[in-house]
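The structure appears right after this line, and notes come after that.
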Amino acid sequence: MDDGGATLNLGDHTLDLSAVPARMGNHGVDIGSLRAQTRTVTYDPGFANTASAQSTITYIDGTAGKLTHRGYAIEDLANSCGFLEVAFLLLFGHLPNKAELEEWQASMNRHSLLNEELKRFFDAFPKQAHPMAILSSATNAISTFYEEYHNPKDEASVIESAQRLIAKMPTVAAWAYKKSTGFPYIYPRNDLRYVANFLHMMFALPTEEYHVDPVIAKALNVLLILHADHGQNCSTATVRFVGSSQANLFASVAAGMNALWGPLHGGANQAVVEMLAEIANDPSASTESYIARAKDKNDPFRLMGFGHRVYNNYDPRARILKKFADDVLDRVEGDDPLLRIAEELEEAALSDEYFQERNLYPNVDFYSGIIFRALGFPMRMFTVLFAIGRLPGWIANWKEMTEDPATRIARPRQIYVGEESRRFIPLHQR
Ligand code: SDX
């Protein structure tokens with residue numbers, strides 16, 4: 001078709017599929033009439049070839065290895081913005097002016113406290129509970145205090161919910177960590193900015209003054225920005241899926257947190273450090289032996305932190321993080337043997353035909369865990385940090401989906417390959 005659409009010949013059907021033009025990247029064809037006209041559906045496990053939405057939030061150029069949020073390059077945002085500034089950009093579509101940013105930061109301080117009744121909520125978990133389980137459960141628990149803001153069609157309620165989620169998540173995360181240590185919870189402070197407040201709640205003790213290291217605060221600020229949004233990844237698509245039933249924002253975000261937890265997604269940052277530690281502690285280990293294992297189809301071992309559904313080039317976030325890792329390590333704790341192992345693995349993989357043929361490069365998770373570790377965070381908190389960073393991206397996508405007149409409840413079709421009909425046999429005859 002001359003509008004960039006397609007003509008589909010299927011059996012004795014000929015179907016004109018109209019174009020869905022993109023501003024940048026892949027154009028689409030609208031298959032909305034396919035099943036009604038041909039009784040046939042498309043089949044695309046993992047949706048590698050299927051767009052689920054039109055979006056103005058984030059663009060990823062997988063070939064060039066570029067990432068922009070609302071048209072701004074990730075490098076500019078990471079180098080020049082605060083995390084809350086980027087969160088504002090994702091949610092409202094423009095960078096805030098000074099007054100807007102001050103009000104936005106003030107609202108984050110205003111809403112950072114948790115209702116005291118929630119303290120008992122943390123007591124219900126065992127000491128060794130994974131903080132991602134606490135984070136997603138607490139997100140639903142928090143929603144029970146704000147049912148008046150659950151209406152997804154009320155713009156003011158959506159913003160109220162968004163502010164509370166972004167403001168309270170660091171408090172929940174820090175208290176989940178304190179719970180695992182047996183030390184007392186530390187309350188947020190209104191004289192501290194967002195990242196400093198989080199570090200204070202994480203590492204302060206009531207027995208002594210705690211001074212936030214500006215180097216660590218700056219590093220964490222960049223890390224959260226690099227995780228803020230990334231198109232229709234597994235967890236963001238989950239947030240949209242759940243929100244499409246008109247479930248409230250808290251419930252949708254809690255679902256996204258659970259999707260993020262998987263080691264193929266946000267859980268990869270923990271899996272990378274576990275992999276590097278395994279190699280460091282394996283006296284027979286060599287870079288070559290682990291690269292060979294990653295290539296061996298009979299070996300379940302994968303090079304965690306490598307590969308990406310969209311990037312067939314270096315993930316720009318990994319590029320920033322790799323440079324950053326050396327700077328942070330120099331400043332906070334000196335060398336880390338795991339970083340050297342990571343760099344050796346990267347060098348070996350990038351020169352190996354198996355990885356080259358499949359365009360497998362380091363992704364955001366390959367270096368992030370090493371930096372989180374250098375900043376003093378325990379490994380089981382890494383995916384929680386990813387979730388705090390991704391929260392504004394999830395909310396921005398949920399808001400865009402809710403406001404999109406084309407949105408319908410997400411309900412994919414299937415290709416049924418099971419039994420046709422079977423005669424029922426009562427239990428006493430089986
Ligand atoms: C994130 O989507 C996003 O944007 C996600 C994210 C975000 O910001 O939200 O960027 C964050 O989740 C990053 C990815 C973190 N996960 C990992 O690092 C886990 C390790 N990587 C993979 O398992 C894999 O690369 C995925 C999950 C990231 C992508 O999976 P795909 O697109 O389904 O690719 P695939 O599994 O089909 O792999 C294609 C080929 C296969 O080999 P062949 O069957 O062609 O022979 O590449 C191989 C795979 O075996 N392969 C790997 C590999 N990743 C892919 N082989 C060894 N080690 C790896 N890491």
Side-chain angles (χ1 to χ4, degrees), residues 25 44-52 55 57-62 65-69 74 78 86 90 132 223-240 256-276 279 287 289-321 342 345-346 348-350 352-370 382-383 385-394 396-397:
D44 185 21
F47 311 109
N49 304 283
T50 301
S52 58
S55 182
I57 301 169
T58 286
Y59 177 61
I60 305 170
D61 183 334
K66 293 191 181 308
L67 170 62
T68 57
H69 295 316
I74 188 64
V86 174
L90 290 170
M132 279 303 286
L223 282 155
L224 293 178
I225 289 171
L226 293 178
H227 288 83
D229 192 51
H230 210 245
Q232 302 313 308
N233 56 82
C234 180
S235 54
T236 300
T238 300
V239 171
R240 281 180 175 256
M257 287 172 175
N258 290 309
L260 184 75
W261 195 1
L264 293 188
H265 189 14
N269 52 25
Q270 177 176 333
V272 166
V273 172
E274 286 167 344
M275 170 186 77
L276 296 173
I279 296 171
T287 304
S289 66
Y290 274 84
I291 292 292
R293 285 190 59 193
K295 293 157 56 175
D296 179 357
K297 294 301 175 201
N298 300 315
D299 188 330
F301 175 81
R302 281 205 152 176
L303 194 55
M304 300 311 278
F306 249 74
H308 200 277
R309 173 65 55 78
V310 179
Y311 290 117
N312 45 39
N313 198 330
Y314 214 104
D315 183 331
R317 302 166 298 173
R319 199 183 298 283
I320 294 170
L321 286 170
L345 279 172
E346 177 191 338
L350 294 185
D352 183 288
E353 196 179 74
Y354 171 94
F355 290 84
Q356 290 169 344
E357 278 171 1
R358 293 165 178 80
N359 294 310
L360 300 176
Y361 291 86
N363 59 52
V364 67
D365 294 302
F366 192 62
Y367 289 105
S368 58
I370 293 171
F382 293 176
T383 309
L385 297 170
F386 193 143
I388 292 173
R390 184 53 51 91
L391 187 51
W394 285 330
N397 275 272

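Atoms within each ligand, like the ligands themselves, are counted from 1 in listed order.
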Mark the output for [X] as yes if a heavy-atom distance to ligand 1 is under 4.0 Å, and as no if none is.
X	result
K297	yes
K295	no
F366	no
N363	yes

Output yes when a side-chain donor or acceptor of [X] lies under 3.5 Å from a complementary backbone atom of [Y], and no otherwise.
X	Y	answer
R390	G256	no
T238	C234	yes
N312	N359	no
D315	V364	yes
T383	G266	yes

For [atom], what is the nearest protein heavy atom, given as residue, atom name and distance?
atom	result
atom 20 (C) of ligand 1	F306 O, 3.4 Å
atom 57 (C) of ligand 1	A294 O, 3.5 Å
atom 12 (O) of ligand 1	H265 ND1, 2.9 Å
atom 58 (N) of ligand 1	L303 N, 3.2 Å
atom 40 (C) of ligand 1	R358 CD, 3.9 Å
atom 28 (C) of ligand 1	G307 O, 3.6 Å
atom 1 (C) of ligand 1	D365 OD2, 3.6 Å
atom 48 (C) of ligand 1	Y354 OH, 3.5 Å

What are the atoms of ligand 1, with element, lying closer than 4.0 Å to any heavy atom of [X]?
X	value
N233	2 (O), 3 (C), 4 (O), 5 (C), 9 (O)
A268	15 (C), 16 (N), 17 (C), 18 (O)
R390	7 (C), 8 (O), 9 (O)

Would you indicate whether K295, at its atom NZ, is surrounded by more than 12 heavy atoms from other residues, nucleotides or ligands within a distance under 6.0 Å?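 Buried by this count: over 12 neighbours within 6.0 Å.
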Does atom CD of E353 have more than 12 heavy-atom neighbours from other groups under 6.0 Å away?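 Count not over threshold, so no.
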Check each of [options] against [atom] and report the one with the nearest heavy atom.
atom	options	result
atom 55 (C) of ligand 1	V310, L360, L67	L360
atom 18 (O) of ligand 1	G266, G305, G231	G305
atom 49 (C) of ligand 1	H230, R302, R293	R302
atom 5 (C) of ligand 1	H308, R317, R309, Q232	H308

Go through the steps to decide whether F355 and F306 satisfy the test ring pair (Phe, Tyr, Trp, His ring centres under 6.0 Å), and finish with yes or no. CA-CA 9 Å; F355 290 84; F306 249 74; 5.8 Å; yes
Among R240, H230, H265, which residue satisfies the side chain to side chain donor-acceptor pair (under 3.5 Å) criterion with S235?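 Between S235 and the candidates, side chain to side chain donor-acceptor pair (under 3.5 Å) is satisfied uniquely by H265.
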Looking only at the side chains, is there a donor atom on one of D229 and T58 sitting less than 3.5 Å from an acceptor on the other?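 There is such a pair between these side chains.
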Strictly less than 4.0 Å: does any protein heavy-atom distance to [atom] fall in that range?
atom	value
atom 10 (O) of ligand 1	yes
atom 25 (O) of ligand 1	yes
atom 37 (O) of ligand 1	no
atom 3 (C) of ligand 1	yes

Which pair of non-hydrogen atoms, one from [X] and one from [Y], has the smallest distance, and what is that distance?
X	Y	value
A294	Y354	O-OH, 3.9 Å
L90	A228	CD1-CB, 3.7 Å
V272	D365	CG2-O, 3.5 Å

Evaluate the ring planes of F386 and H227, with Trp represented by its six-membered ring, and classify them as parallel (under 30°), tilted (30 to 60°) or perpendicular (over 60°).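 Geometry flag for H227 against F386: perpendicular rings.
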Considering both backbone and side-chain atoms of L264, is one of its nitrogen or oxygen atoms within less than 3.5 Å of a nitrogen or oxygen in ligand 1?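 Such a contact does occur with ligand 1.
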